[in-house]
Amino acid sequence: LVLELNQVVIPTYGTVPDQQNLHTPEWADFEDKPDSLFFSDGQRRIDFVLVYEDESKKMTHKRSGRKQQKRKRQVYESNLINNGLQLEATRSVLDEKLIFVKVHAPWEVLCTYAEVMHIKLPLQPNDLKTRDSAFNWFSRFFRVDENIIKPEQEFFTAPFQKEHLSNFYIQDKDTFFNPATRSRIVHFILSRVEYATKNNVKKFGINKLLDTGIYKAAFPLHDSSFRHPSTDPDCPSERYLLYREWAHPKNIFKLQPLDFIRKYYGEKIGIYFAWLGFYTNMLIVAAVVGVGCFLYGCLTKDNCTWSQEVCDPNIGGNIIMCPQCDKVCTYWNLTITCESSKKLCIFDSFGTLVFAVFMGIWVTLFLEFWKRRQAELEYEWDTVEYLEQEEQVRPEYEARCTHVVMNEIIQQEEYVPYTACGKCIRMTFCASAIFFWILLIIASVIGIIVYRLSVFLVFSATLSQHINGTEAIRKYLTPQTATSVTASLISFIVIMVLNIIYEKVAILITDFELPRTQTDYENSLTTKMFLFQFVNYYSSCFYIAFFKGKFVGHPGNPVYWLGKYRNEECDPGGCLLELTTQLAIIVGGKAIWNNIQEVLLPWVKNLIGRYGAAARSEKVVPRWEQDYHLQPIGKLGLFYEYLEMVIQFGFVTLFVASFPLAPLLALINNMLEIRLDAWKLTTQFRRMVPQKAQDIGAWQPIMQGIAILAVVTN
């Protein structure tokens, strides 16, 4: 079904239709009801909010630029009204320059677009009896109290059709479309309405208006404050309940109310938290076995034959080792490595062998059991046929569809954005750009290797001369340790800098590719970003684990890099301990960095905003203005949440033989991560536009690839 949109469009930037032809929003004053989610009449629900700065009060020098922006905004708002939406504008309480435009979708518009978008809606209550699980008696101790968050009523559903309106389960027109569905429909309209044409190219959609600064923000409203329930008795205060029963740290050992999360935030957020919770639960088994392996290593380290021989003054003490570098290094005694050999015996034992085999089995079971859980959620949340029935073409793709081709399957003409030759050129360009960036990371890894080789020479020559401290410092701060730690820190800094640059490059490449649907777009971007991150995060670990110390030649005939740097050697016990150091620095540094970026920054920004607002005024602030001062969700949405966990999944599975405590640390981190992510979403960020999702997308094949590689590396 194609809906013809009745639109008024600016022919060029310079000319505007007669001002009388443009519809303008109604104006209303704020009525001191801070929890109200309705227009000033108290009847029409606010489904979306647009925020702009009054052009007449903007502090810009170019008057023509201000007029141009105002024209585009006026035409856009007029076109929204032509499409059936109702708008009401209110000036800000705290900052008179800001105008809030509240958007309401009436019943007719909701019905029309629900049919266009193939949204599934209730036909009648589900009367099928469900069988309780055998573990229900145990899990009820960890579940959320059903008297506080009541279980959702289940329905049989079907894609909405206006002609079969009487067949749908409509008890109240105001509640038939829940707030999440209403926001989805309004966002669909906002993303496709035009505001200008230039050289026969249509300009449309709220995203471009936000990018050019015509609007400052666009978001659906939270339904209440997270600190207390709404004063409106008809408001369910779902945000407050989510904070109290899910995001609060006291719930760290409770199961998540997934159905309630999905109802408020949509399936995409719901399935992320379902996956994160499932992964965390599966880590419990791996953590228990890992701790057992570590304890076995601690208990048997004193019986480690080769460590005893290294430390024995009559055996290791009589073995003189060759210099590890030319000219400045001297011969050394094997007993110097006594302490590191004892530490290595903890990790390099029979228990490690058993644990490596166990993790190969665990990773396979995790993925297979997740597929089962995902299939259950698809059925329960009614997303089984989502991709085929409901998912819409991206507006950016629609706008570029100018080439006509014959679809050989249905034997009909259809519009596409580029020819076969054009698609080939785009794909070649994108593949070349990704390949170039991966080569750039490999170059940075080689640079760090050269740094290790050159700095090892310096530390070998100068460290012993400059350290005048106790014997303990000399024992632990060896040239190998100093080189390893500084190289790991530099590696971490290089990783973070390249990350920031590559994110922008990956988005540009994916935009140029022009994927058809939002799922295609996200999967394409995810694959590019992960490929880059994989090389970025894991390359140094692969080097230490499999290449360092393997090509050193032999005494009298060492191997040289670039003709002058002698190849690195491992500690006499091998590079396992160095790999553990590298993992600890990268995983620990990454966890601290991510938490600062994800939690501390939004909290500090909101704190500054709140103090600034409090200093200006003691007035009552409406719900839409309170939400405006929260942080916006980035363009990549949940990408970094998934990436953080999948990178961790890689460290837990690929290199677990070098560090059996990794699953335990991951488990503790994830228990906190679930609540931190929940706290961040409910308290620090504006409400996301609820989105449908059938599964975790491209992350599933990525994890399968890691699982296969994990078996090989272990």
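The shortest side-chain heavy-atom distance between Asn83 and Tyr113 falls under the 4.5 Å cut-off. Val49 places none of its side-chain heavy atoms less than 4.5 Å from the side chain of Pro220. Taking 4.5 Å as the limit, every side-chain heavy atom of Gln691 sits out of range of all side-chain heavy atoms of Glu267. With a 4.5 Å cut-off on side-chain heavy atoms, Glu522 and Lys268 count as touching. Contact annotation: the side chain of Tyr272 never approaches that of Ile696 to less than 4.5 Å [non-hydrogen atoms, C-beta and beyond]. Contact of the Val51 side chain with the Ile99 side chain is not registered, since no non-hydrogen atoms from C-beta on lie closer than 4.5 Å. Here the side chains of Tyr52 and Arg73 are in contact, with some heavy-atom distance below 4.5 Å.
For Asp627 and Arg623, the salt-bridge test passes: some basic side-chain N is under 4.0 Å from an acidic carboxylate O. A salt bridge is absent between Asp47 and Lys102; no separation between the charged side-chain nitrogens and carboxylate oxygens falls under 4.0 Å. Looking at Lys216 and Glu53, a side-chain N of the basic residue comes within less than 4.0 Å of a carboxylate O on the acidic one, giving a salt bridge. Of the charged side-chain nitrogens involved, at least one lies within less than 4.0 Å of a carboxylate oxygen, so that Glu108 and Lys162 count as a salt-bridged pair.
With a 6.0 Å cutoff to the six-membered ring centre and a 45° limit on the axis angle, Arg687 counts as a cation-pi contact of Tyr264. Under a cutoff of 6.0 Å and an axis angle of 45°, Arg44 and Phe38 do not form a cation-pi pair. Arg239 forms no cation-pi arrangement with Tyr243, by the criterion of a distance under 6.0 Å to the ring centre and an angle within 45° of the ring axis.
For the pair Glu625 (side chain) and Val93 (backbone), a donor-acceptor distance under 3.5 Å is present. A distance-only check finds a donor-acceptor pair linking the side chain of Asn251 to the backbone of Arg244 [under 3.5 Å]. In this structure, Ser78 contributes its side chain and His23 its backbone to a donor-acceptor pair below 3.5 Å. A donor-acceptor contact shorter than 3.5 Å is absent between the side chain of His104 and the backbone of Ile46. In this structure a side-chain-to-backbone donor-acceptor pair under 3.5 Å is present from Thr280 to Leu276.
Between the OG1 atom of Thr90 and the CD atom of Glu31 there is a distance of 9.0 Å, given to the nearest 0.5 Å. Here the straight-line distance linking atom CG of Leu643 with atom CD of Gln533 works out to 4.5 Å at 0.5 Å rounding.
Here Phe48 and Phe219 keep their ring centres 6.0 angstrom or further from each other.
The two residues Asp259 and Trp381 come nearest to each other via the heavy atoms OD1-NE1, 2.8 Å. Shown here for Ala105 and Val186, the closest heavy-atom pair between the two residues is CB-CG2, 3.7 Å. Pro236 and Asp223 make their closest contact through CG-OD2, 4.1 Å (heavy atoms, listed as atom of the first residue, atom of the second, distance). In terms of heavy atoms, Glu245 sits closest to Lys254 at OE1-NZ, 3.4 Å. Between Ser92 and Phe100, the shortest heavy-atom contact is CB-CE1, 3.6 Å.
Among Trp699, Tyr279, Phe273, the single residue meeting the ring pair (Phe, Tyr, Trp, His ring centres under 6.0 Å) criterion with Tyr642 is Trp699.
Applying the side chain to side chain contact (heavy atoms under 4.5 Å, CB included) criterion to Lys208, with sequence neighbours excluded, gives Tyr195.
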Please walk me through it: do Asp232 and Lys33 pass salt bridge (Lys or Arg N to Asp or Glu O under 4.0 Å)? CA-CA 9 Å; Asp232 182 353; Lys33 294 179 184 174; over 6 Å; no

Run the salt bridge (Lys or Arg N to Asp or Glu O under 4.0 Å) check on Lys680 and Asp677 step by step: do they pass? CA-CA 5 Å; Lys680 189 174 66 179; Asp677 283 349; 3.6 Å; yes

